[in-house]
Amino acid sequence: MNDGMVLVTGGAGYIGSHMVLALLEAGHEVVVLDNFANSSPVALERVARLAGRAPRCVEGDIRDRPLLDRLFHEHAIADVLHFAGLKAVGESVANPLAYYEHNVGGTVTLCQAMAAAGVKRVVFSSSATVYGEVAEMPLHEGLPAGTPSNPYGRSKLMVEQVLTDLAASDDEWSVALLRYFNPVGAHPSGEIGEDPLGIPNNLVPFITQVAVGRRERLQVFGDDYPTRDGTGVRDYIHVQDLVHGHLAALEVLRERRGVGVWNLGTGRGYSVLEVVEAFERASGRRIPYTIAPRRPGDVAECWTDPSRARQELGWAAELGIARMMADAWRWQQRNPNGYRNM
Ligand code: NAD
Ligand code: UDP
């Protein structure tokens, strides 16, 4: 269906595995590069089963230039979807150099190998965190980038700058900077989903682990924000909608050069307590919680103005909070320990 393969870095991870499945289903040929630092090869086995065919898999690191050169030499790659990187905010404060090395250094090495191979189309997994603290919602792409509150967020902003400078230096590059809001949920089969190592940092995996009995209770970080019920408000987006946004961006990139910036969210915010309620409705389980102090670095609210993605990518999120919770729950219930100990 197209003129070359799609390289998915980080393709065994949470979002990457859903992306690989969607690409295979859309008829693309796919190569995955992943070092499995935060993922399991089992995810890719399940993707292959669901798709009825397997992606090529290369175990390796985006920081490994000779490996990248071989990979581009051996496969006719037309596009790169770049998900690989480290994403734990707290860990980035404790170990900033690892974050700059993997996220920034790794992307620089990847782009050098791409340039050498003449592959100049890349979709980058950025984050709404690059807007920093903004008083007025919603967030739209016309706002200037802000000051992210931690090294993870700063590494995302730096990569956006690297890619923007690169495209300015060579007009053959086509770059999509996709700023995700809060990806949640899982493939409706319940076969692939989010499988954090250790204690989940993010709200929805924490809730599903409470529901399945792995954790006792949720801590709600702050109930004194200036929001509807005092708890933090976020724009949760189903991972299936998110990956469809990438397919739309890929189509658009094939027709244009330069850098495009698109927010990927639903345009609607839910508070922590509203998410808990939606999960309880979807699962029939009670989620015990206690109110805890605010988490440092958290903003009160964050949601997108989804207009630019709708106008320029012809894409909008379709799945609501009930589906997000039902699918997250199906995945967790079928895989209480994630991809381990099956
Ligand atoms: P994930 O950790 O599940 O996936 C990342 C994958 O990259 C993992 O499979 C990991 O093993 C791999 N990886 C890490 N470092 C690597 C390296 N140096 N070389 C090769 N592979 C490496 O994370 P995810 O939630 O799927 O996120 C994917 C991307 O989206 C990340 O770049 C993340 O920062 C970004 N993002 C995620 C969220 C979110 O809430 N999940 C929000 C905004 C942006
Ligand atoms: N949150 C919470 N308890 C948790 C994890 C998160 O109350 O155990 C809150 C957090 O303060 C924020 C929202 O849930 O208001 C979403 O947090 P998450 O870490 O999932 O995403 P973020 O928007 O911080 O990237």
Determine whether R228 and E274 satisfy the following criterion, salt bridge (charged side-chain N to carboxylate O under 4.0 Å, His left out), listing intermediate values before the conclusion. CA-CA 10 Å; R228 289 189 278 286; E274 288 167 342; 2.9 Å; yes
Worked verdict on L253 versus V123 for side-chain contact (heavy atoms from CB on, under 4.5 Å): CA-CA 9 Å; L253 279 199; V123 177; 3.8 Å; yes
side-chain contact (heavy atoms from CB on, under 4.5 Å) between V243 and I15, worked out: CA-CA 7 Å; V243 302; I15 303 168; 4.2 Å; yes
Working for side-chain contact (heavy atoms from CB on, under 4.5 Å), residues Q219 and R295: CA-CA 10 Å; Q219 290 195 306; R295 186 171 64 178; over 6 Å; no
Test side-chain contact (heavy atoms from CB on, under 4.5 Å) applied to R46 and N335, step by step: CA-CA 13 Å; R46 294 190 178 182; N335 305 273; 2.9 Å; yes
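Salt-bridge annotation for D298 and R294: absent, with no side-chain N of the basic residue lying under 4.0 Å from a carboxylate O of the acidic one. At a threshold of 4.0 Å, the pair E160-R179 counts as salt-bridged, since one of the basic side-chain nitrogens sits closer than that to a carboxylate oxygen. A salt bridge links R286 to E280: at least one charged side-chain nitrogen sits closer than 4.0 Å to a carboxylate oxygen. A salt bridge does not link E172 to R121: none of the charged side-chain nitrogens sits closer than 4.0 Å to a carboxylate oxygen. One finds a salt bridge joining E101 and R63 here, because a Lys/Arg side-chain nitrogen approaches an Asp/Glu carboxylate oxygen to under 4.0 Å.
For the pair R257/K120, no side-chain contact is recorded, criterion being any heavy-atom separation below 4.5 Å from C-beta on. Between D61 and L67, every side-chain heavy-atom pair lies at or beyond the 4.5 Å cut-off. The side-chain heavy atoms of M114 and V122, taken from C-beta on, include a pair separated by under 4.5 Å. For the pair V42 and L44, the minimum side-chain heavy-atom distance is 4.5 Å or more. In this structure, E191 and V47 have side chains that are not in contact, with every pair of non-hydrogen atoms separated by 4.5 Å or more. No side-chain heavy atom of L33 sits under 4.5 Å from any side-chain heavy atom of V8. Using a 4.5 Å cut-off on side-chain heavy atoms (C-beta onward), C111 and L163 make contact. Counting only heavy atoms from C-beta outward, the side chains of S92 and L86 never approach each other to under 4.5 Å.
Annotation for A26 and L247: closest pair CB-CD1, 4.4 Å, computed over non-hydrogen atoms. Residues P196 and P205 share a closest heavy-atom pair of CG-CB, 4.0 Å. Of all heavy-atom pairs spanning G85 and N103, the tightest one is CA-OD1, 3.3 Å. The two residues G27 and R53 make their nearest non-hydrogen contact at C-NH2, 3.5 Å. The two residues A248 and L313 make their nearest non-hydrogen contact at CB-O, 3.6 Å. R310 and A316 get closest at one heavy-atom pair: NE-CB, 4.3 Å.
Evaluation of the ring-ring contact (aromatic ring centres under 6.0 Å, His included) test over residues 162-200, restricted to residues two or more places apart or in two chains, returns Y180-H246.
Enclosure of atom CD in E318 is not indicated, since only 12 or fewer non-hydrogen atoms of other residues, nucleotides or ligands lie within 6.0 angstrom. A 6.0 Å sphere centred on CD of E133 holds no more than 12 heavy atoms belonging to other residues, nucleotides or ligands.
For the residue pair D235 and T266, a side-chain donor N or O sits within less than 3.5 Å of a side-chain acceptor on the partner. Looking only at atom types and distance, the side chain of S39 has a donor-acceptor partner in the side chain of D34 under 3.5 Å away. Side-chain contact of Y99 with E91: a donor-acceptor pair under 3.5 Å is present, judged by distance alone. No side-chain donor from either of H140 and R308 sits under 3.5 Å from a side-chain acceptor of the other. Judged by distance alone, the side chains of R234 and N202 never bring a donor and an acceptor atom under 3.5 Å apart. Judged purely by distance below 3.5 Å, without hydrogens or angles, the side chains of W262 and E141 never pair a donor atom with an acceptor atom.
Using a distance-only test at 3.5 Å, with no hydrogens or angles considered, a donor-acceptor pair links the side chain of W331 to the main chain of E194. Looking only at distances, a side-chain donor or acceptor of D195 sits under 3.5 Å from a matching main-chain atom of Y339. Not a single donor-acceptor pair under 3.5 Å links the side chain of T129 to the backbone N or O of G153. Side chain of N337 to backbone of R340: no donor-acceptor contact under 3.5 angstrom is found. Between the side chain of H75 and the main chain of I77, no donor-acceptor pair closer than 3.5 Å is present.
Hydrophobic clustering places W315 together with L81 (ILVMFWY residues linked when any side-chain heavy atoms are closer than 4.5 Å, directly or through intermediates). Hydrophobic clustering places V252 together with L178 (ILVMFWY residues linked when any side-chain heavy atoms are closer than 4.5 Å, directly or through intermediates). Note on V89 and V104: separate hydrophobic clusters, where clusters join Ile, Leu, Val, Met, Phe, Trp and Tyr whose side-chain heavy atoms are under 4.5 Å apart, directly or indirectly. Using a 4.5 Å cut-off between side-chain heavy atoms of Ile, Leu, Val, Met, Phe, Trp and Tyr, with links allowed through other members, V261 and W303 fall into different hydrophobic clusters. Hydrophobic clustering of Ile, Leu, Val, Met, Phe, Trp and Tyr side chains at less than 4.5 Å, counting indirect connections, keeps V93 apart from Y152.
Taking SG of C302 as the reference point, atom OH of Y131 lies at 9.5 Å (rounded to 0.5 Å). Here CD1 of I192 is found 4.0 Å from OG of S17. Values are rounded to the nearest 0.5 Å. Note: I237 CD1 to Q240 CD = 11.0 Å, rounded to the nearest 0.5 Å. Atom CZ of R65 is separated from atom CG of L71 by 12.5 Å, given to the nearest 0.5 angstrom.
By the 4.5 Å side-chain criterion applied to Ile, Leu, Val, Met, Phe, Trp and Tyr, F279 is assigned to a cluster that also includes V184, I199, L203, V204, F206, I207, V210, V212, L218, V220, Y236, Y270, V272, L273, V275, V276, I287, Y289, I291, I321, M324, M325, W329.
Qualifying ring-ring contact (aromatic ring centres under 6.0 Å, His included) partners for Y14, counting only residues two or more places apart in sequence or in other chains: H18.
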